[in-house]
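Reckoned from all heavy atoms, side chains included, excluding hydrogens, waters and symmetry mates.
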Amino acid sequence: MKKPDHLKRVIVDFKKLTPEILKLLVEKYPDGYDEDHIIEFRNAKNELIEAVEVTTEDTKYLVKVSTKLVKTMENYDEDDYGDFEDDDAEAVQDPESEPSEEQDHDDF
């Protein structure tokens with residue numbers, strides 16, 4: 001039987017992702033996460049949520065899976081967050097709001 005953990009559980013949406021949690025994700029899943037890492041559960045509104053888990057000494061974070069999360073993890077550079085506090089939810093920017101090379105070219 002599993003030993004019960006007494007960690008605080010926090011569900012984190014991309015909008016609330018902090019540099020600390022992002023760093024934990026990249027460290028735990030350096031090559032990205034796959035379906036085996038995804039946890040599915042229902043929230044209080046009975047919506048199906050898919051998340052990946054990272055844990056600190058006192059908290060278990062369930063970070064909602066999204067394409068924004070994948071892109072942000074793929075492009076992670078710790079130096080990008082040097083000027084921010086670890087718990088600053090404003091530090092992690094939406095990768096869709098940054099201009100990309102693809103947007104500079106016309107589709108044929």
Side-chain angles (χ1 to χ4, degrees):
M1 182 156 84
K2 271 188 161 181
K3 189 170 100 176
D5 61 42
H6 299 286
L7 300 175
K8 181 169 75 170
R9 296 173 190 269
V10 178
I11 299 171
V12 181
D13 187 75
F14 185 85
K15 292 178 277 193
K16 301 289 184 184
L17 190 63
T18 65
E20 175 189 30
I21 298 169
L22 179 57
K23 182 178 180 181
L24 290 169
L25 283 167
V26 172
E27 288 173 355
K28 183 170 182 177
Y29 308 107
D31 298 319
Y33 55 84
D34 59 35
E35 295 209 12
D36 294 339
H37 300 120
I38 296 174
I39 299 165
E40 290 184 347
F41 61 94
R42 296 208 176 265
N43 65 9
K45 297 178 184 175
N46 204 31
E47 299 166 325
L48 185 63
I49 304 296
E50 293 184 333
V52 288
E53 178 184 299
V54 288
T55 306
T56 62
E57 279 185 25
D58 62 349
T59 307
K60 181 180 290 189
Y61 294 100
L62 296 173
V63 183
K64 290 182 182 180
V65 171
S66 69
T67 54
K68 291 177 186 180
L69 179 62
V70 171
K71 288 179 183 177
T72 302
M73 287 176 67
E74 286 173 350
N75 297 316
Y76 177 75
D77 182 347
E78 190 171 358
D79 294 339
D80 292 345
Y81 303 100
D83 294 335
F84 295 96
E85 296 294 322
D86 282 346
D87 61 352
D88 186 350
E90 301 291 316
V92 180
Q93 296 298 308
D94 183 339
E96 316 245 317
S97 66
E98 297 173 11
S100 71
E101 288 183 30
E102 293 172 7
Q103 293 172 332
D104 294 338
H105 300 290
D106 292 327
D107 291 330
F108 293 100

Show your reasoning for whether side chain to side chain contact (heavy atoms under 4.5 Å, CB included) applies to Tyr76 and Lys23. CA-CA 8 Å; Tyr76 177 75; Lys23 182 178 180 181; 3.4 Å; yes
Where do Phe14 and Val63 land on the side chain to side chain contact (heavy atoms under 4.5 Å, CB included) test, with the steps shown first? CA-CA 8 Å; Phe14 185 85; Val63 183; over 6 Å; no
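- Here the CG-CG distance, from Asp88 to Asp83, works out to 11.0 Å after rounding to the nearest 0.5 Å.
- In this structure, NZ on Lys64 lies 4.5 Å from CD1 on Ile49, to the nearest 0.5 angstrom.
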As a quick check of understanding, evaluate side chain to side chain contact (heavy atoms under 4.5 Å, CB included) for Lys8 and Asp58, giving each step before the final call. CA-CA 6 Å; Lys8 181 169 75 170; Asp58 62 349; 5.7 Å; no
Step-by-step side chain to side chain contact (heavy atoms under 4.5 Å, CB included) determination, Val52 to Ile39: CA-CA 6 Å; Val52 288; Ile39 299 165; over 6 Å; no
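- In the displayed structure, Lys28 atom NZ is contacted under 6.0 Å by more than 12 heavy atoms of other residues, nucleotides or ligands.
- Note that CD of Glu20 is 10.5 Å distant from CG of Leu25, once rounded to the nearest 0.5 Å.
- Heavy atoms only, all atoms of each residue included: Ala51 and Phe41 are closest at CB-CE2, 4.0 Å.
- In this structure, Glu90 places its CD atom where only 12 or fewer heavy-atom neighbours from other residues, nucleotides or ligands lie under 6.0 Å away.
- Lys68 has a carboxylate O that lies under 4.0 Å from a charged side-chain N of Asp94, or vice versa, which qualifies the two as a salt bridge.
- Residue-environment remark: CD (Glu35) stays at or below the threshold of 12 foreign heavy atoms within 6.0 Å.
- Remark: Leu7 CG to Thr56 OG1 distance equals 7.0 Å, nearest 0.5 Å.
- Here CE of Met73 is found 9.5 Å from CG of Asp31. Values are rounded to the nearest 0.5 Å.
- With rounding to the nearest 0.5 Å, the separation of CG in Leu69 from CG in Leu22 is 7.5 Å.
- Taking both residues in full, the closest heavy atoms of Tyr29 and Glu53 are given as OH-O, 3.0 Å, listed atom of the first, atom of the second, then distance.
- Using a 30° and 60° split on the angle between ring planes, Phe84 and Tyr81 fall in the tilted class, from 30° to 60°.
- For CD of Glu85, the number of neighbouring non-hydrogen atoms (other residues, nucleotides, ligands) closer than 6.0 Å is 12 at most.
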